[in-house]
Amino acid sequence: MLRGLFNFILFSSIYIAVCAVLMAWESSEILGLQYDRANYFCFVFFSTICSYNFHWYLTPGSIKHSERILWGQRQRALQLTGCVIGLLGAGWFIIPLAEHWLPLSGAVVLTFLYSAPKLPMFRWLSKIAVGKTIFLAGVWTYVTTTLPALVAENVQADLVYLTVYRFFLVYAICILFDYRDREEDRQAGIRSLITHLKDPHLDRLYYASLVVAWICAFLLAPAVPLFVLFSLLVPVVVTGMVKRYAQTHTSDYVYYFLLDGLMMLSALIHAGWRLAGGI
């Protein structure tokens with residue numbers, strides 16, 4: 001029963017939607033953004049539910065090492081329901097934010113384009129070189145970091161550092177996902193930087209991304225409390241440490257729980273500190 005509940009939360013995309021909300025909350029806290037947070041966070045939650053269920057509903061995939069795809073094959077109606085509920089919820093909560101339609105429309109278009117290659121009329125997008133991993137990291141960074149600042153109409157220098165930090169942390173995590181899937185991507189004709197690079201070059205790209213994230217975290221140091229800096233550095237260190245484990249343990253639980261969870265780890269530390277009475 002507990003395993004079934006865990007699978008439902010993880011594979012129905014509730015877990016990743018919570019990740020997105022916590023990341024957006026953390027960005028808002030670090031940058032001190034004042035805007036309609038409640039409606040924005042609900043919009044992020046439901047749009048993530050919609051986009052991920054849409055993506056997985058269109059993914060036949062390979063059942064090799066994939067608990068998620070096996071679960072999805074048994075829960076096709078649930079995936080479609082999640083897509084519809086997510087779409088209705090996102091549509092409802094975007095209404096109070098309508099005055100910011102331009103940056104919000106950018107998020108909607110970018111999110112759709114990631115899954116668009118699974119539709120016959122957009123298959124040509126899968127042939128674009130090097131774009132897949134960079135694009136996904138960019139979408140996550142935009143929705144959870146840049147877009148809140150645009151909605152709050154508060155663009156500042158620290159936003160640049162936080163945006164670059166988050167992009168390269170998420171990009172490193174995406175590299176691990178694409179490394180696991182690169183043989184299937186090659187067979188499917190999906191081109192990305194990860195499918196082209198040999199392992200030594202991929203290792204350099206991975207650790208270089210984490211170094212950039214580390215540097216950007218320290219560039220934020222003059223503007224944030226020490227505990228915030230600590231919370232930003234911990235996921236960088238942990239992501240650097242789990243690379244070998246992730247490459248040798250390809251279970252979906254490792255990837256969709258542990259690695260996806262690393263994206264919100266700093267937010268969890270941040271929230272835990274606040275709940276414990278920290279400043």
Side-chain angles (χ1 to χ4, degrees), residues 16 19-20 22-24 26-27 30 44 48 51-52 55 106-107 109-111 113-117 125-126 128-149 158-182 184-186 190-220 231-247 250 254-268:
I16 194 67
C19 287
L22 284 174
M23 292 165 71
E26 180 191 29
S27 297
I30 291 174
V44 169
T48 305
S51 63
Y52 269 76
H55 180 87
V109 171
L110 290 173
T111 302
L113 285 177
Y114 180 73
S115 297
L125 288 172
S126 65
I128 297 177
V130 309
K132 177 188 172 187
T133 317
I134 295 173
F135 187 83
L136 181 58
V139 172
W140 268 92
T141 301
Y142 180 74
V143 171
T144 64
T145 311
T146 310
L147 186 53
D158 290 337
L159 172 63
V160 176
Y161 301 140
L162 185 59
T163 296
V164 177
Y165 161 85
R166 180 151 286 159
F167 173 84
F168 280 100
L169 176 61
V170 174
Y171 184 62
I173 294 170
C174 289
I175 287 175
L176 294 178
F177 275 85
D178 281 2
Y179 180 87
R180 181 188 70 160
D181 300 334
R182 65 179 181 174
E184 291 182 12
D185 286 348
R186 285 169 179 164
I190 298 174
R191 302 176 64 188
S192 73
L193 188 60
I194 312 308
T195 61
H196 287 285
L197 290 178
K198 296 184 181 301
D199 284 4
H201 297 111
L202 195 57
D203 288 346
R204 293 190 191 101
L205 177 63
Y206 179 79
Y207 289 114
S209 298
L210 293 177
V211 168
V212 173
W214 179 275
I215 292 171
C216 287
F218 271 103
L219 290 174
L220 282 166
S231 71
L232 293 174
L233 292 176
V234 169
V236 178
V237 174
V238 175
T239 303
M241 294 173 62
V242 302
K243 174 179 176 292
R244 188 60 56 193
Y245 181 84
Q247 289 178 329
T250 58
V254 171
Y255 279 76
Y256 297 112
F257 179 74
L258 174 61
L259 295 187
D260 277 347
L262 287 177
M263 295 195 298
M264 68 170 175
L265 178 57
S266 59
L268 290 174

Given side chains that start at C-beta, do those of [X] and [Y] come closer than 4.5 Å, heavy atoms only?
X: Phe167; Y: Val212; value: no
X: Tyr171; Y: Leu136; value: no
X: Leu147; Y: Val44; value: no
X: Met241; Y: Val236; value: no
X: Thr145; Y: Trp140; value: no
X: Leu110; Y: Phe135; value: yes

Among Val170, Leu169, Leu22, Thr144, the one residue meeting side chain to side chain contact (heavy atoms under 4.5 Å, CB included) with Met263: Val170
Straight-line distance of [X] [atom1] to [Y] [atom2], nearest 0.5 Å:
X: Arg180; Y: Ile175; atom1: CZ; atom2: CD1; answer: 15.0 Å
X: His55; Y: Thr111; atom1: NE2; atom2: OG1; answer: 12.5 Å
X: Leu159; Y: Leu220; atom1: CG; atom2: CG; answer: 9.5 Å
X: Ile173; Y: Asp260; atom1: CD1; atom2: CG; answer: 7.5 Å
X: Leu210; Y: Leu205; atom1: CG; atom2: CG; answer: 9.5 Å

Which heavy-atom pair separates [X] from [Y] by the least distance, and what is that distance?
X: Ala137; Y: Cys174; answer: N-SG, 4.4 Å
X: Val143; Y: Pro148; answer: O-CD, 3.4 Å
X: Ser231; Y: Ser266; answer: O-CB, 2.9 Å

Mind checking side chain to side chain donor-acceptor pair (under 3.5 Å) for [X] and listing every partner two or more places apart, or none if nothing turns up?
X: Tyr165; answer: none
X: Ser27; answer: Arg166
X: Tyr161; answer: none
X: Thr141; answer: none

Side chain to side chain donor-acceptor pair (under 3.5 Å) pairs, two or more places apart, involving residues 202-215: Asp203-Lys243
Check against side-chain contact (heavy atoms from CB on, under 4.5 Å), Leu262 and Val242: CA-CA 10 Å; Leu262 287 177; Val242 302; 4.1 Å; yes
Short side-chain to backbone donor-acceptor contact, Ser51 and Thr48, under 3.5 Å: yes
Any residue meeting ring pair (Phe, Tyr, Trp, His ring centres under 6.0 Å) with Tyr255, in chain and number order, not counting sequence neighbours: Phe177
Stepwise side-chain contact (heavy atoms from CB on, under 4.5 Å) check, Leu162 with Thr146: CA-CA 9 Å; Leu162 185 59; Thr146 310; over 6 Å; no
